[in-house]
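Encoded as structure tokens, the structure appears first; notes follow it.
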Amino acid sequence: MLAGRMMAFPLTLTHILERARTYFPTHEVVSRRPDKSLLRHTYAQIHARSVQLARALDRLGVAKGTRVATLCWNHHAHLEAYLGVPASGRVIHTLNLRLHPTELGYIASHAEDEVVIVDRSLLPLFEKFRAEVKSIRHVIVYGDDGPVGDGYLDYEKVLAAESTEGYVFPELDENDAAMICYTSGTTGNPKGVVFSHRSMTLHTFMACSADCLGVRGSDVVFPVVPMFHAAAWGLPYATVMSGAKLIFPGPHLDAASVVELMAQEKVTLAAGVPTIWLGILALLDASPGKFDLSSVRSMLIGGSAAPPAMIEGFRVRHRLEVMHAWGMTEMSPLGTVAHLKSHMAELTDEQKLGYRSSQGFAAPFVECRHVDESGKILPWDGVTMGELEVRGPWVAQSYFGDDGADRFTKDGWFKTGDVVTLCAEGYVRITDRSKDVIKSGGEWISSVALENALMSHPAILEAAVFAGRHEKWAERPLAAVVFKTDKTATSDELRDHLAQSFAKFWLPDEYIVVQQIPRTSTGKFLKTKLRELYGDRLITG
Ligand code: ADP
């Protein structure tokens with residue numbers, strides 16, 4: 001064997017922070033405050049403030065490896081924690097502000113958070129679970145919506161007390177933990193995923209590569225996806241590494257606020273879950289020509305399935321390109337991106353949409369396979385459904401603590417819990433989450449396929465298909481539908497619409513009209529709630 005002769009240079013987030021100061025000191029980070037005014041910082045300032053945060057943590061006696069939690073919207077101070085906390089050897093733990101206080105108390109205790117950086121506007125939420133978390137020693141409040149009251153450390157004062165000069169970030173091992181993020185716990189307790197500096201750095205390289213997200217220096221990146229949700233899909237680090245301009249929405253996530261800021265700051269790459277974009281599409285349709293989004297090169301959509309009708313609506317009516325991606329907290333989170341391959345240029349628009357609305361094919365270094373219930377590896381024929389398993393350098397090897405060992409196979413793969421088909425080209429198509437699968441008379445019915453088809457009906461804004469209990473067939477599909485304003489359709493019309501594309505036994509037994517579909521804290525349809533509300537209708541009804 002001949003050993004390679006290259007340096008074992010550590011892959012740490014510290015380099016990303018230092019690089020921004022060295023090469024892009026004047027490039028901007030823009031944050032929208034609760035009052036909608038904009039705060040502008042340069043990367044030189046973000047670097048200096050990250051140094052001050054690191055020094056403040058030293059002064060507070062916060063040891064290496066300690067968890068420093070954030071309970072914050074997307075803004076510059078959250079970015080400073082994303083950088084200064086891991087670069088100084090501590091571990092940032094992003095708390096999801098949409099969770100119930102009981103869940104937050106559980107998660108913060110489980111992670112043994114010692115320091116919490118919290119937005120002033122979120123203090124009422126924090127105070128609801130603070131007492132549960134015995135490990136908390138310091139609470140630092142960022143005054144997003146006004147001055148910080150007595151009894152708390154004031155983020156700005158804490159930083160101002162520290163010098164920006166002469167600080168050298170500690171040398172870290174690339175395998176040290178950098179961040180902890182909890183899954184939303186729709187199946188059992190939330191589980192902690194511990195990203196290392198190495199995994200995050202490699203994930204950042206991948207996010208910047210042209211055929212993945214292609215984040216580049218000339219971009220103006222707008223993560224609408226929260227920084228407490230799967231590291232905002234890695235965009236903050238990818239943007240800082242590239243020196244691109246970064247725009248943060250603060251707490252304003254409604255369609256009008258988002259679009260207004262996109263137009264004003266000439267955003268090139270925006271990212272968020274489908275709900276946000278469904279609202280934006282409706283707004284653009286209703287107000288043609290009002291917003292100039294000509295700077296936008298791509299809109300990254302993931303977290304749950306982007307309906308094809310939405311992808312096509314943006315392309316055809318507004319000349320906006322959607323980039324559909326799939327991932328999981330356990331994957332840092334990026335796994336697959338639905339780009340077309342070069343040999344697909346001649347396909348029809350419909351065929352192209354078929355690929356672009358799938359979950360895409362694996363990013364470099366992510367490996368995929370799907371298996372049946374006995375673990376047998378299934379063929380990539382575009383039809384056979386099985387559970388997706390993945391592995392790669394930014395995929396979790398285990399959870400924090402002793403949780404969820406059954407999600408990892410003996411031969412080194414992570415079981416995603418997503419039921420998929422894989423086609424010969426390697427494109428993944430999610431048919432369901434395994435816990436949401438509908439099995440009627442022994443046959444699997446894809447709720448996602450039915451939902452996508454329902455959402456292409458002109459009267460329907462959103463649709464969720466879920467399992468109803470049935471005496472003869474065990475389960476039958478039921479559909480919950482939300483109509484667009486001033487639009488409606490009968491059950492027969494919806495049934496006829498679906499019958500064009502699906503076998504008869506796939507068609508939902510009932511269409512239930514609802515005002516809105518219940519969602520999880522990260523914007524996914526909450527089918528357990530739908531089943532609880534309507535699942536017994538066929539048996540009892
Ligand atoms: P959770 O904590 O709920 O698991 P994640 O954000 O990590 O939160 O969710 C990962 C899951 O979200 C995936 O396993 C998949 O079911 C779903 N998901 C993510 N992206 C997509 C997508 N593009 N299409 C369909 N489902 C998606």
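Both ligands and their constituent atoms are indexed starting at 1 by order of listing. Note that these values count all heavy atoms, side chains included, but never hydrogens, waters or copies made by symmetry. Every value quoted in this text rests on a predicted model; they were computed, and no experiment measured them.
Less than 4.0 angstrom separates some heavy atom of Thr183 from each of these atoms of ligand 1: 2 (O). Residue-ligand proximity, Ile430 to ligand 1, at heavy-atom distances under 4.0 Å covers atoms 25 (C), 26 (N). Near His324, meaning under 4.0 Å from one of its heavy atoms, ligand 1 places the atoms 22 (C), 23 (N), 24 (N).
Salt-bridge formation is detected for the pair Arg391/Glu367: a Lys NZ or Arg NE/NH1/NH2 atom is positioned less than 4.0 Å from an Asp or Glu carboxylate oxygen. Ionic pairing of Asp411 and Arg369 is present here: one or more N-O contacts between side-chain nitrogen and carboxylate oxygen are shorter than 4.0 angstrom. Note on Asp509 versus Arg476: salt bridge recorded, some NZ/NE/NH1/NH2 to OD/OE distance being below 4.0 Å.
Under 4.0 angstrom from ligand 1, the non-hydrogen atoms of Thr329 come from both its backbone and its side chain.
Inclusion of Ala305 in the set of residues having an N or O under 3.5 Å from an N or O of ligand 1 is warranted. An N or O contact shorter than 3.5 Å is missing between Tyr182 and ligand 1 by distance. Note: no N/O pair closer than 3.5 Å links Thr416 and ligand 1 by distance alone. Residue Gly303 places at least one N or O, backbone or side chain, under 3.5 Å from an N or O of ligand 1. Polar contact check, Glu330 against ligand 1: no nitrogen or oxygen pair lies under 3.5 Å apart.
Between Pro190 and Asn96 the shortest side-chain heavy-atom distance does not fall below 4.5 Å.
Taking 4.0 Å as the cut-off, Pro333 does not count as a neighbour of ligand 1 on heavy-atom distance. At a 4.0 Å cut-off, at least one heavy atom of Ser304 sits close enough to ligand 1 to count as contact.
Of the inter-residue distances, the one linking Leu533 atom CG with Phe466 atom CZ reads 8.0 Å to the nearest 0.5 angstrom. Rounded to the nearest 0.5 Å, atoms OG1 (Thr431) and CH2 (Trp444) are 7.0 Å apart.
When the shell of 6.0 Å around NZ of Lys529 is examined, it contains 12 or fewer heavy atoms from other residues, nucleotides or ligands.
Nearest heavy-atom pair across Cys212 and His339 is O-NE2, 2.8 Å.
Atom 23 (N) of ligand 1 has its nearest heavy-atom neighbour, among Ala338, Ala325, Gly360, Cys181, in Ala325. Counting heavy atoms only, Arg433 comes closest to atom 4 (O) of ligand 1 of the residues Lys191, His229, Arg433.
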Dump the intermediate steps for side-chain hydrogen bond (donor to acceptor under 3.5 Å, both in side chains) on Arg216 and Ser242, then the final yes or no. CA-CA 5 Å; Arg216 62 202 72 160; Ser242 317; over 6 Å; no
